[in-house]
Amino acid sequence: MDYKDTLLMPKTDFPMRANLPNKEPAIQADWEENRVYEKSLERRKGRPKFILHDGPPYANGDIHIGHAENKVLKDFIVRYKSMAGFYAPYVPGWDTHGLPIEQALVKKGVDRKKMSVAEFRELCKQYALEQIDRQRAQFKRLGVRGDWDHPYVTLDKKYEAAQIRLFGEMVKRGYIYKDKKTIYWSPSSESALAEAEIEYKDKRSPSIYVAFQVKDGKGVLPSDSAIVIWTTTPWTIPANLAISVHPDYEYALVHADGKKYVVAKELLPALKEKLSWQTASIEKTFKGAALEHVVCAHPFYERDSLVILGEHVTLDAGTGCVHTAPGHGEDDFYVGKKYGLDILCPVDEKGYMTEEAPGFEGLFYDDANKPVTEKLKEVGALLKLEFITHSYPHDWRTKKPVIFRATEQWFASIKDFRDDLLRAITEVKWKPAWGETRLHNMVRDREDWCISRQRRWGVPIPVFYAEDGTPIVTDETIEHVANLVAEHGSNVWFEREAKELLPDGFTSEHSPNGIFTKETDIMDVWFDSGSSHAAVLEQRDDLERPADLYLEGSDQYRGWFNSSLTTAVATTGRAPYKSVLSHGFVLDGEGRKMSKSLGNVIDPLKVMKTLGADIIRLWIASVDYTADAPVSDEILGQVAEVYRKIRNTIRFMLGNLHGFDPAVHSVAIDEMPELDRYMMAKLNALIEKVRKAYDEYEFLTIYNAIHNYCTTDMSAFYLDIAKDTLYTDFEDSPARRSIQTVMYKTLVALLKLLTPIIPHTAEEAWRYVPGEKADYVQLTDMPEPEPFDGADALVKKWDQVMVVRDDVLKALEEARNEKLIGKSLEAAVTLYPTAAHCAVLETIPDLDKLFIVSKAEIAGTLDDAPANAPRYRETAVIVGRAEGEKCERCWVVTPTVGSDADHPALCARCADIVKKHYA
RNA sequence: GGGCCUGUAGCUCAGUCGGUCAGAGCGCACGCCUGAUAAGCGUGAGGUCGGUGGUUCGAACCCACUCAGGCCCA
């Protein structure tokens, strides 16, 4: 007879090759069809909630690997919490307003000027919704579980209404005010521009050096000296209010051709040449800080120009003394505000000089350069005029130069509740811990928040103006507008006249004629997403504020963590989150950022088509996500290898559970052989370790622990040893059933522990697990350790055995190298362990099976070992060829082969089994 | 320029309060097996712990500086 037919070989239909790219979509379709997300909530009804509030990605473009990292990390957590007993809803969101969408439409050829604002906004909305559909499909393809049919979207009417109410609340508390701010302004398109709408091009400009006569030298400068500035925008001289110097730079009072000038000492040689000074001797030098509050005279207006200190001053060019016009430059604006200067801006929205620039009013700003320069020459302040070509910001659409211009903006006053913000930060749990420092520093140093944008695609700032220009925002108007928006969407603001947006019969003492206008600015999109705690957490019955967790990339300390905290603290006094977790960015294999030009971009959509979502997910578990995570084809390949190892281990266990019914065949732990109990103890330790890691969001620990368990503990050790019993023993033998019990429990635990990370594979394998079980592994509970008496002692004991085993393996390898044996079953080993190990080993039956050799015996302690016996770490081991013949059935080499006349090719054990069970 | 962070074997990561080897898995090399087979097993070779200089009896772990990289500002 063919004895192979009497072996119980592994049998399973769970395929070795995963074929994830093809299989995953089907698995996902099944989840959707069977409403698995909804079921995961139903089975946790009434349990404690765990709310992970989704930070909304911007609805534009396909997802990249960073999106994948973010969403998958969230999915790990939500799936784990759900299986760990929490009611854990996940409501994904999208950020849908803002400039990039406007730009995307323009790129597609939409001409904003050919339609009404409301029409343009409608196109923006349609575009955003299309983008959501695309991204939603891509996120779902990653296996992210959540309420995809009911996401929150910032353009949603109800969301917008809640945002408007939140704004109203901040107004009510006095946190919103109007002030001037300097912004990019394009005279050619008569509009404000964002940074993204600027492109730098070369421009030819006048370059002038101007002397500002000192009026009050504060004892540092003589009254007959002058400070020299340099500028390429002479038209801003009428707006000059100050001269900035760097506090730390060295400045010099110079005698040049009979006059006294102040310039940065370092730049003097260059200036001497530039200004054609014949002589230039330094009278004295001083730090810039000494010049603070020196007063100069404006060259041609009856006005002071104050010397102030600014860190923005550089020595790259010019004189080290910077002409400062707070209405016409960003640095100028901030430093001017610091010194309480006016934000003077004598240029109108078309780019023409106003009457605030006497002598130049009515001139286009660029045409004022010449007369201003002439005027400077006339008063003797002009030291030099030439023309240079330099890089200058231009309007990306009209290609014309842009200017800085101070305009009225709405602000949220951070300083009024900064202390509350800082206190709220201390009440949040931050991971990593440095997140707290990072946000604290940011909030501490941050300026007031400019929340207005001169844009179209966004939530309107719900403010009305009376006839005399007085802004009108009251509880009544906010509530009225919010209700209109809730009903019609924020487009109503652009479709209707102010009067139609005000409550019926609204009056104001500032509008005697009953005429009102409305604000046309919209809110900064950070105000949109920063309102989600009010618009989503507070609105949905399932959710609650504060959320348990916000989890985003570390760029969001400046972004969403910040804006959410700001609006929440301003209106409720509390942070909107109990804890914040941040992840880093995805970099290439060299640790550099990904860019198309470097060609090092890993596209998750492509990876899902080649390797599968579970590989991406496993990769995310394999890196320290709190720092930047490297990814490359090589790294993904490595992860795919790990995946295969895990998958094969699962497959092997499934195969050997063929014919095993846990309800019928399970063996109680206290009835198991020691080795099996040892494995149960190790499994308990694994479960404990992994669950603790999940609780602390340390997925890398899980990855390593599970991988090591599959590789070292299972595949290379236990499963290898178990094969003999599993294959050759009779089906219902207690030893075999015990091993199967261990494998069953291990398999179930592993699959559950793996479910949050590789849900597709876990679900696929789950279908092959024998016995009664839930339809979906994700609808089960996380495994708990099953402690039993003596487990700790057992582990301690067997850890020692493992040391001896290592020695035996080394001895076998040496014998193999000497061609004494091939496979280990050809060997017989004689051991001389240390006395301590000896005592341990003598209590262990079947040492031969443990070492997978045909014979193993303890011949004495280390002291008894013959001189020629090779010594290893703890044991001397002599390896010889096993005596006897190779059993045709179990391949053990033993003298008992042939002892049964009916089965001359079998060993005694096999002959017995075959006779009894395969007759 | 500022705030925060990262830098340990080819790769991904461990290295608790500074003091026994600087470890794991993968990959690699070599070998075994062919009854987990586009599998499985074993052994082995790989590291100036980014660099420099300090503190200390002693530092991958502490300090300073520096290089490289990342996020956010300016």
Side-chain angles (χ1 to χ4, degrees), chain A residues 3-5 7-12 14 16-17 66 246 248 311-312 314 330-331 334 432-442 444-447 553-559 561-562 582-594 618-619 621-624 626-632 634-645 647-656 700-701 703-712 715-717 719-724 726-728 806 808-819 821-826 852 889-891:
Chain A
Y3 294 118
K4 200 164 173 177
D5 297 337
L7 292 173
L8 296 165
M9 297 304 297
K11 190 175 170 191
T12 178
F14 180 71
M16 182 183 285
R17 299 262 289 128
H246 197 288
D248 302 330
E311 303 278 343
H312 64 286
T314 69
E330 196 168 19
D331 291 328
Y334 284 112
W434 51 255
E436 177 167 0
T437 311
R438 184 163 175 174
L439 190 56
H440 174 96
N441 289 350
M442 216 161 254
R444 182 193 61 200
D445 298 336
R446 123 170 232 213
E447 311 273 341
S554 58
D555 55 336
Q556 299 304 322
Y557 286 103
R558 183 67 190 181
F561 297 156
N562 195 328
S582 73
H583 63 253
F585 280 67
V586 180
L587 306 176
D588 74 5
E590 260 74 58
R592 285 169 202 287
K593 81 162 79 181
M594 292 186 183
L618 194 58
W619 160 71
S622 81
V623 294
D624 175 9
T626 60
D628 293 334
V631 72
S632 63
E634 186 201 352
I635 290 168
L636 287 172
Q638 175 177 326
V639 172
E641 283 298 309
V642 171
Y643 173 86
R644 287 178 45 216
K645 185 69 191 186
R647 186 180 176 95
N648 261 321
T649 307
I650 288 168
R651 178 167 184 266
F652 185 73
M653 289 192 280
L654 282 172
N656 282 294
L700 173 56
T701 302
Y703 171 86
N704 282 327
I706 290 183
H707 181 213
N708 269 311
Y709 200 79
C710 285
T711 306
T712 310
S715 188
F717 175 62
L719 298 181
D720 210 27
I721 293 165
K723 278 191 266 192
D724 176 77
L726 287 168
Y727 297 175
T728 67
D806 278 345
V808 172
L809 291 178
K810 277 199 184 75
L812 289 171
E813 181 65 14
E814 282 175 18
R816 223 179 334 257
N817 289 338
E818 286 159 19
K819 306 291 176 202
I821 58 165
K823 58 174 162 174
S824 58
L825 274 179
E826 291 167 13
I852 317 184
R889 184 166 176 273
C890 72
W891 291 353

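Throughout, a chain's letter reflects where its sequence line sits, starting with A, and its residues are numbered from 1. Everything numeric in this text was worked out from a predicted model, so none of it was measured.
The P atoms of A60(B) and U66(B) are separated by 22 Å, rounded to the nearest whole Å. Spacing between G70(B) and U37(B) at atom C1', rounded to whole Å, works out to 45 Å. Look at the P atom in both U6(B) and G50(B): the space between them is 13 Å, to the nearest Å. Of the P atoms belonging to U43(B) and G27(B), the separation is 15 Å, rounded to the nearest Å. To the nearest whole angstrom, the two P atoms, one in G1(B) and one in G15(B), are 34 Å apart. Here, G51(B) and C67(B) have their C1' atoms 7 Å apart, quoted to the whole Å. Of the P atoms belonging to U48(B) and G23(B), the separation is 14 Å, rounded to the nearest Å. A gap of 15 Å separates the P atoms of A9(B) and G46(B), to the nearest Å.
Within the model, atoms CG of Leu439(A) and OG of Ser582(A) stand 10.5 Å from one another, a figure rounded to the nearest 0.5 Å. A distance of 10.5 Å separates CD1 in Ile821(A) from CD in Glu814(A), rounded to the nearest 0.5 Å. Note that the OG1 atom of Thr12(A) and the CE atom of Met653(A) stand 11.5 Å from one another [nearest 0.5 Å]. For the atom pair CD1 (Ile721(A)) and CG (Leu726(A)), the distance works out to 11.5 Å, reported to the nearest 0.5 Å.
Across all strands shown, G53(B) forms a Watson-Crick or G-U wobble pair with C63(B), both key distances being under 3.5 Å. When Watson-Crick and G-U wobble pairs are counted only if both distances are under 3.5 Å, A68(B) pairs with U6(B). Across the strands present, C41(B) finds its partner in G31(B); the criterion is a Watson-Crick or G-U wobble pair with both atom distances under 3.5 angstrom. Across every strand in view, C17(B) sits unpaired, with no contact that passes the Watson-Crick or G-U test at under 3.5 angstrom. With a 3.5 Å ceiling on both atom-pair distances, U48(B) lacks any Watson-Crick or G-U wobble partner.
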Fill in: Under 4.0 Å protein heavy-atom contacts per nucleotide of nucleotides 45-50 of chain B, with B for base, S for backbone only and - for none
------
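Contact of the Lys823(A) side chain with the Ile852(A) side chain is not registered, since no non-hydrogen atoms from C-beta on lie closer than 4.5 Å. The closest side-chain heavy-atom distance from Arg438(A) to Ser554(A) is below 4.5 Å. Considering only heavy atoms from C-beta on, Lys593(A) comes within 4.5 Å of Leu587(A) through its side chain. In this structure, the side chains of Val623(A) and Trp619(A) come closer than 4.5 Å at one or more pairs of heavy atoms.
Nearest nucleotide to the side chain of Thr711(A), out of U6(B), G31(B), G25(B): G25(B). For Asn441(A), the side-chain atoms get nearest to C4(B) when compared with the rest of A24(B), A36(B), C4(B). With C41(B), A36(B), C26(B) as the candidates, the nucleotide lying closest to the side chain of Lys645(A) is C41(B). Among the nucleotides C5(B), C32(B), U43(B), the one closest to the side chain of Trp434(A) is C5(B).
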Find every protein N or O atom lying less than 3.5 Å from an N or O atom of nucleotides 72-74 of chain B, and list the pairs.
from: C72(B); atom 1: O4'; to: Arg438(A); atom 2: NH2; distance (Å): 3.2

Distances under 3.5 Å only, N/O to N/O: pair up the protein atoms with those of nucleotides 8-15 of chain B.
from: C11(B); atom 1: O2'; to: Gln638(A); atom 2: OE1; distance (Å): 2.9
from: C11(B); atom 1: O2; to: Gln638(A); atom 2: OE1; distance (Å): 3.0
from: C11(B); atom 1: O2; to: Gln638(A); atom 2: NE2; distance (Å): 3.0
from: U12(B); atom 1: O2'; to: Ser622(A); atom 2: O; distance (Å): 2.4
from: C13(B); atom 1: OP1; to: Asp624(A); atom 2: N; distance (Å): 2.9
from: C13(B); atom 1: O2'; to: Asn704(A); atom 2: ND2; distance (Å): 3.0

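Put simply, CG on Asp806(A) is 15 Å from P on C41(B), counting in whole angstrom units. Straight-line distance from the CG atom of Leu812(A) to the P atom of G42(B): 11 Å, rounded to whole Å. Here U34(B) presents its P atom at 14 Å from CD1 of Ile852(A), a figure rounded to the nearest Å. Rounded to whole Å, atom C1' of G3(B) lies 12 Å from atom CG of Leu439(A). Rounded to an integer number of Å, the gap from CG of Asn817(A) to P of C30(B) is 13 Å. To the nearest angstrom, P of C32(B) lies 14 Å from CD of Glu818(A). Between the NZ atom of Lys819(A) and the P atom of G31(B) there is a distance of 7 Å, given to the nearest Å. In this structure, CG of Asp724(A) is placed 15 Å from C1' of A36(B), rounded to the nearest angstrom.
Residue Arg446(A) is out of contact with every strand shown, counting any heavy-atom pair closer than 4.0 Å. Note on Gly822(A): only backbone sugar-phosphate atoms sit closer than 4.0 angstrom, heavy atoms only; bases stay farther off. Across all strands shown, Trp619(A) has no heavy atoms under 4.0 Å from either base or sugar-phosphate atoms. At a threshold of 4.0 angstrom between heavy atoms, the contacts of Leu809(A) are confined to the sugar-phosphate backbone, with no base atom among them. Residue Gly591(A) is classed as a sugar-phosphate contact, given heavy-atom separations below 4.0 Å to backbone atoms only. Looking at heavy-atom distances under 4.0 Å, Lys723(A) makes contact with a base.
Taking the six-membered ring where tryptophan is involved, the planes of Tyr557(A) and Phe561(A) are perpendicular, since the angle between them exceeds 60° and thus also 30°. Aromatic ring pairs are classed by plane angle as parallel below 30°, tilted from 30° to 60° and perpendicular above 60°; the pair Phe652(A) and Tyr727(A) is perpendicular.
For the pair Tyr727(A) and G35(B), the ring geometry does not qualify as stacking, because the centroid separation below 5.5 Å and plane angle under 30° are not jointly satisfied.
Under a 4.0 Å N-O distance rule, the pair Glu813(A)/Arg816(A) qualifies as a salt bridge. The residues Asp555(A) and Arg558(A) are annotated as not salt-bridged, no charged nitrogen and carboxylate oxygen being separated by less than 4.0 angstrom.
For the pair Pro10(A) and Cys710(A), nearest-nucleotide mapping onto RNA chain B gives the more 5' position to Pro10(A). Positionally, the nearest nucleotide of RNA chain B for Ala627(A) lies more toward the 5' end than for the other of Ala627(A) and Val642(A).
Counting all heavy atoms, side chain and backbone alike, Ser622(A) lies closest to Val639(A) at OG-CG2, 3.9 Å. Between Thr626(A) and Asp624(A), the closest heavy-atom pair is OG1-OD1, 2.7 Å.
Looking only at distances, a side-chain donor or acceptor of Arg647(A) sits under 3.5 Å from a matching main-chain atom of Met16(A). At least one donor-acceptor pair closer than 3.5 Å links the side chain of Asp628(A) to the backbone N or O of Phe585(A).
For the OP1/OP2 pair of U34(B) and a distance below 4.0 Å, the side-chain nitrogens and oxygens of Lys823(A) include at least one atom meeting the criterion. Using a 4.0 Å cut-off, some side-chain N or O of Arg651(A) falls inside it from OP1 or OP2 of U37(B). Close to G69(B), at under 4.0 Å from its OP1 or OP2, lies a side-chain N or O of Arg592(A).
Because its glycosidic torsion is within 90° of 0, G46(B) is reported here as syn.
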